[in-house]
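Comments concern the structure below.
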Amino acid sequence: KRKDTKSAKCALAITITLTLLVAGYELFSSFQNYKSGMNILDFASYANSNLNTYCLVLILANLILLPGAIYLYKKNKISLKDEIYEKKCLKKDIFWGIVLAVISALISLFSLIVNKGRTELAFSGWGAPSVWQIILMAISLGIVSGIFKEIYFRGFAKNFCSSAWGETVAFLLFNILFGLLDWFNMGHSFIVGLLWIWGYKKRKHLIVPMIAHGGMNLISVVFYILTL
């Protein structure tokens with residue numbers, strides 16, 4: 001029991017650190033661009049206004065904490081590879097990941113309605129991204145966020161915190177942190193996070209939420225480019 005609690009606290013500490021690093025940058029960016037008269041949606045719109053810096057922060061924060069995550073899995077004798085996928089059910093897991101990615105992308109469309117509450121003081125958008133920026137978004141949002149964030153926010157909850165605090169509490173706690181990391185999208189991450197928890201619990205492998213998460217982000221990038 002003590003070992004479970006220790007591992008749970010370590011997993012929580014790593015995930016809180018990631019949340020503070022990324023959300024801290026987002027808040028700093030928004031405060032840097034604050035203007036009198038802004039509403040909360042205007043303020044939040046500047047969280048990732050500097051696209052290059054935002055993507056690099058996501059990549060670096062996730063990579064810096066990855067060795068600690070790998071060590072935690074090895075210390076507890078849990079195969080991260082087997083937790084991510086197994087060959088015998090890989091095709092079905094990929095299928096479910098794609099299905100959840102599409103559903104998550106459709107849920108993302110509600111952000112368009114929410115963003116109508118922005119005023120002229122809000123960030124006007126990145127404009128047409130360069131080839132380098134498209135690659136940077138694909139790496140940071142599709143690969144790094146899709147893979148590494150799921151190890152922290154879903155994998156940690158199930159493998160290290162469920163036995164110590166109960167599965168429901170663990171998943172909910174880490175999903176709240178996930179929502180806080182992406183606070184600027186006004187609860188969208190929390191909602192799709194619940195969907196990805198369902199997919200993870202249903203299929204038992206992290207590749208499902210990884211594909212759903214990364215896939216949703218890549219669909220959003222393509223949508224943004226096509227609607228410029």
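Judged purely by atom type and a 3.5 angstrom limit, Ser162 uses its side chain to pair as donor or acceptor with the backbone of Ala157. Remark: the backbone N or O of Ala47 is paired with a side-chain donor or acceptor of Ser30 at under 3.5 angstrom. Checked by atom type and distance alone, the side chain of Asp42 pairs as donor or acceptor with a backbone atom of Thr119 at under 3.5 Å. Between the side chain of Ser111 and the backbone N or O of Ser108 there is at least one donor-acceptor pair closer than 3.5 Å. Checking side-chain atoms of Tyr152 against main-chain N and O of Asn62 turns up a donor-acceptor pair under 3.5 Å. Under the 3.5 Å distance criterion, the side-chain polar atoms of Gln133 are matched with a main-chain donor or acceptor of Ser130. A distance-only check finds a donor-acceptor pair linking the side chain of Asn39 to the backbone of Leu41 [under 3.5 Å].
For Tyr46, the ring-ring contact (aromatic ring centres under 6.0 Å, His included) criterion is met by Phe123, not counting sequence neighbours.
Environment of CZ in Phe31: sparse, with no more than 12 heavy atoms of neighbouring residues, nucleotides or ligands closer than 6.0 Å. Summarising the local packing, NZ of Lys81 is surrounded by more than 12 heavy atoms from other residues, nucleotides or ligands at distances under 6.0 Å. Dense packing is recorded around NZ of Lys35, with more than 12 heavy atoms of other residues, nucleotides or ligands lying under 6.0 Å away.
Cluster note: Phe110 groups with Ile113 through ILVMFWY side-chain heavy atoms spaced under 4.5 Å, whether in direct contact or through intervening members.
By the 4.5 Å heavy-atom criterion applied to side chains, Ile139 and Ile59 are counted as neighbours. Side-chain contact check for Tyr25 versus Leu58: every heavy-atom pair is 4.5 Å or farther apart. Residues Leu27 and Trp183 have side chains in contact (heavy-atom distance under 4.5 Å, counting atoms from C-beta outward). Within the 4.5 Å cutoff, the side chain of Leu177 has heavy atoms near those of the Leu12 side chain. Side-chain contact between Phe156 and Phe174 is present, with heavy atoms from C-beta onward closer than 4.5 Å. At a threshold of 4.5 Å between non-hydrogen side-chain atoms, the residues Leu218 and Leu141 do not count as touching. Side chains of Pro129 and Leu228 form a contact here, defined as non-hydrogen atoms less than 4.5 Å apart. With a 4.5 Å cut-off on side-chain heavy atoms, Arg154 and Phe178 count as touching.
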Worksheet item: Could you go step by step and tell me if Ser104 and Trp196 meet the side-chain contact (heavy atoms from CB on, under 4.5 Å) rule?
Response: CA-CA 9 Å; Ser104 300; Trp196 300 340; 2.9 Å; yes

Item to complete: Could you give me the CA-CA distance, side-chain angles and deciding distance for Ser145 and Ser140, then say whether side-chain contact (heavy atoms from CB on, under 4.5 Å) is met?
Response: CA-CA 6 Å; Ser145 289; Ser140 62; 5.6 Å; no

Item to complete: Start with the C-alpha distance between Glu167 and Lys201, add both sets of side-chain angles, then the distance that settles side-chain contact (heavy atoms from CB on, under 4.5 Å), and finish with yes or no.
Response: CA-CA 10 Å; Glu167 187 177 81; Lys201 291 177 68 175; 3.1 Å; yes

Discussion item. Test side-chain contact (heavy atoms from CB on, under 4.5 Å) on Phe160 and Ile78; report intermediate values, then the result.
Written reply: CA-CA 10 Å; Phe160 305 117; Ile78 299 173; 3.7 Å; yes

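Between the side chains of Asn48 and Glu26, not a single donor N or O lies within less than 3.5 Å of an accepting N or O.
His213 has its ring centre no less than 6.0 Å from the ring centre of Phe153. Within the 6.0 Å centre-distance limit, the rings of Trp126 and Tyr224 are counted as a close aromatic pair.
Hydrophobic clustering, with ILVMFWY side chains joined whenever heavy atoms are under 4.5 angstrom apart, groups Val99 together with Trp198. The cluster map of Ile, Leu, Val, Met, Phe, Trp and Tyr, joined by side-chain heavy atoms under 4.5 Å apart, puts Ile135 and Val144 in the same cluster. When the side chains of ILVMFWY residues are joined at heavy-atom separations under 4.5 Å, either directly or via intervening members, Leu72 and Ile70 end up in a single hydrophobic cluster. Hydrophobic clustering, with ILVMFWY side chains joined whenever heavy atoms are under 4.5 angstrom apart, groups Leu206 together with Leu90. No single ILVMFWY cluster, assembled from side-chain heavy atoms under 4.5 Å apart, contains both Tyr54 and Leu60.
Nearest heavy atoms, Asp82 versus Glu86: O-CG, 4.0 Å. A pairwise comparison of heavy atoms in Ser189 and Asp182 identifies OG-OD2, 2.9 Å as the closest pair. Between Ile40 and Met186, the closest heavy-atom pair is CG1-CE, 3.7 Å. Summarising the geometry of Gly193 relative to Asn175, their closest heavy-atom pair is CA-OD1, 3.3 Å, with the distance given to 0.1 Å. A pairwise comparison of heavy atoms in Ile219 and Ala105 identifies CG2-CB, 3.7 Å as the closest pair. Of all non-hydrogen atoms in Asn76 and Ser7, the two that sit nearest each other are OD1-OG, 3.0 Å.
Between the CE atom of Met210 and the CD1 atom of Ile84 there is a distance of 4.0 Å, given to the nearest 0.5 Å. How far CD1 of Ile98 is from CD1 of Ile211: 6.0 Å, rounded to the nearest 0.5 Å. Between the CG atom in Leu112 and the OG1 atom in Thr227 there is a gap of 8.0 Å [rounded to 0.5 Å]. To the nearest 0.5 Å, the span separating CZ on Phe28 from OG1 on Thr53 amounts to 10.0 Å. Atom-to-atom distance recorded for Leu195:CG and Met216:CE is 10.0 Å, nearest 0.5 angstrom. Distance CD1/Ile14 to OG1/Thr19: 11.5 Å, rounded to 0.5 Å.
Lys204 and Glu83 are not joined by a salt bridge, as no carboxylate oxygen comes within less than 4.0 angstrom of a charged side-chain nitrogen. Checked for salt-bridge contact, Arg203 and Asp93 meet the test: a charged N lies under 4.0 Å from a carboxylate O.
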